[in-house]
Amino acid sequence: MAGEIFGKTKGGELVTRLTLERGNFRVQLLDFGGIVTTIETPDREGRLANVVLGLETVEGYETVSPHFGALAGRYANRIAAGRFTLDGQAYQLPINDPPNTLHGGVTGFAKRLFRIVAADPQRVVLMRRSPDGEEGFPGNLDLEVAYSLPEDGVLRIDYRAWTDKPTVLNLTNHSYFNLAGEGSGDVMGHVVELAADAYTPTDAHQIPTGEIRPVQGTPFDFRKATALGARIRDDDPQLVQAKGYDHNFVLRGLAGTLRPAAACLDPASGRRLDVATTQPALQLYTGNNLDGTLVGPSRRTYRSGDGVCFETQGFPDAPNHPEFSSAVLRPGAPFVSTSTYRFSVA
């Protein structure tokens, strides 16, 4: 297992970068935030490129990263006003995306050091205990995340979590993909297909209204492969307020079963990504808030639309929407989830 010191946190903790390899497919990740820093895969001519956005230092990931490649939690996506009630008890979380809580709070899992409990050339397991009250969430939560390469070109992420008191939980990997290669420009020509017949519209603060709206006849209809840029500038109010796609899609099929969620093709390079998940939903995000102030390993700046996220997840703000799939985790019933990212060429 290849591991190297990547740097130190502000608190002086050493951060390790781990490398997984299978054939000419290579994935690198950190024990800090469970961050996937590199996914290197060939194009149709066999040329290798890293296809995820990232930063070059721990300091960058700790201070300015918009969750590049990170494990988002305890609650990925947004909770309205940082408030929810569980079993009659009200909880207030820190507001880090005014007026809401985003991706677990000010620090969240993306800026925490995990313990490496297993490591070999094709599998890494990270663990962490999130103590009762961390970021305002109830319960001691024990989390185990396994990153593995079960086949050539496939990254699999398995999540398991246990709690000692009722809590809420939503976990995802927040990689920004650019199948043409990190730093190569925008992804508006990437062709995307989603296994979703409906999505959840949001208010002006990106909080779901509670409606589950059919995608038919809207710019959110990716049931047939469509370029990301084809309708992103339409005057649909949902696109206008989010500055692009930043929406939760309701996946077909039975949650808990591993099934197709998304497909993405870069016609120029031929690289293709197929995402499958056991989760009920997927957030499609087109990097709308990238503004040219961040520079990647390519020494090129990242601007709006330079990456696309396929965040397999539970529903945003589900603790405040009983009509959504439940995000409640109780003692004695572990949270289990799997997502796979399959890279190929067309």
Side-chain angles (χ1 to χ4, degrees), residues 27 29-30 32-37 39 52-54 61 65-79 96-97 100-105 107-112 114 126 128 130 135 137 141 143-148 155-161 167-177 194-196 199-200 202 206-208 245-251 255-256 258-262 264 273-287 289 307-319 324-329 335-341:
V27 175
L29 61 114
L30 305 179
F32 179 78
I35 293 168
V36 175
T37 63
I39 299 178
V52 289
L53 276 55
Y61 283 115
S65 175
H67 288 82
F68 285 144
L71 169 59
R74 280 193 196 191
Y75 205 93
N77 216 306
R78 295 169 177 86
I79 293 181
N96 65 321
D97 183 43
N100 306 312
T101 299
L102 176 67
H103 296 324
T107 303
F109 290 167
K111 299 177 184 177
R112 304 281 186 183
F114 285 70
L126 304 179
R128 181 175 184 270
S130 174
E135 300 283 350
F137 291 94
L141 183 86
L143 172 63
E144 176 186 280
V145 188
Y147 302 78
S148 63
L155 169 63
R156 176 178 171 128
I157 305 180
D158 293 288
Y159 307 84
R160 291 176 61 85
T167 191
V168 296
L169 184 69
N170 189 23
L171 302 173
T172 195
N173 175 267
H174 205 298
S175 288
Y176 291 63
F177 297 98
L194 301 180
Y199 77 105
T200 52
T202 64
Q206 296 301 108
I207 293 295
Y245 293 103
D246 190 5
H247 294 81
N248 173 64
F249 287 76
V250 182
L251 296 175
L258 187 64
R259 64 211 190 283
C264 182
L273 167 63
D274 287 272
V275 181
T277 189
T278 60
Q279 292 277 50
L282 177 144
Q283 186 88 359
L284 177 69
Y285 176 52
T286 45
N289 295 319
V308 57
C309 302
F310 301 102
E311 302 163 56
T312 56
Q313 58 169 19
F315 283 50
D317 200 35
F324 288 169
S325 297
S326 176
V328 176
L329 180 66
F335 173 88
V336 179
S337 144
T338 296
S339 293
T340 63
Y341 307 83

Can you name the nearest heavy-atom pair linking [X] to [Y], along with the distance?
X    : Y    : result
A262 : F310 : CB-CD2, 3.8 Å
T172 : T312 : OG1-O, 2.6 Å
S325 : A318 : O-CB, 3.6 Å
I39  : V52  : N-CG2, 3.6 Å
A161 : L329 : O-CD2, 4.2 Å
D317 : I79  : OD1-CA, 3.5 Å

Do any N or O atoms from the side chain of [X] and from the backbone of [Y] form a donor-acceptor pair under 3.5 angstrom?
X    : Y    : answer
R74  : H103 : no
S326 : V328 : yes
D274 : C264 : no
Y61  : T37  : no
T286 : Y245 : yes
N173 : S175 : yes
Y341 : I157 : no
Q313 : Q279 : no

Kindly compute the distance separating [atom1] ([X]) from [atom2] ([Y]), expressed to the nearest 0.5 Å.
X    : Y    : atom1 : atom2 : answer
L143 : F114 : CG    : CZ    : 5.5 Å
L171 : Y75  : CG    : OH    : 10.0 Å
I35  : H174 : CD1   : NE2   : 12.0 Å
T101 : R78  : OG1   : CZ    : 11.0 Å
C309 : H67  : SG    : NE2   : 11.0 Å
T338 : L258 : OG1   : CG    : 6.5 Å

Checklist entry - F315 vs F324 aromatic rings, parallel, tilted or perpendicular, using cut-offs 30° and 60°? => result tilted
Checklist entry - Taking only residues two or more places apart in sequence or in another chain, which ones pass salt bridge (Lys or Arg N to Asp or Glu O under 4.0 Å) with R156? => result D158
Would you say that [X] contacts [Y] through its side chain, given a criterion of any heavy-atom pair below 4.5 Å between the two side chains?
X    : Y    : value
Y147 : L126 : yes
F249 : Q283 : no
F335 : L141 : no
Y199 : L194 : no

Checklist entry - Between the side chains of N77 and E311, does any donor sit under 3.5 Å from an acceptor? => result no
Checklist outcome for this item: Across all chains, not counting sequence neighbours, the side-chain contact (heavy atoms from CB on, under 4.5 Å) partners of T202 are Q206, Q238, Q241, H247
Checklist outcome for this item: By side-chain contact (heavy atoms from CB on, under 4.5 Å), P260 pairs with (sequence neighbours left out) none
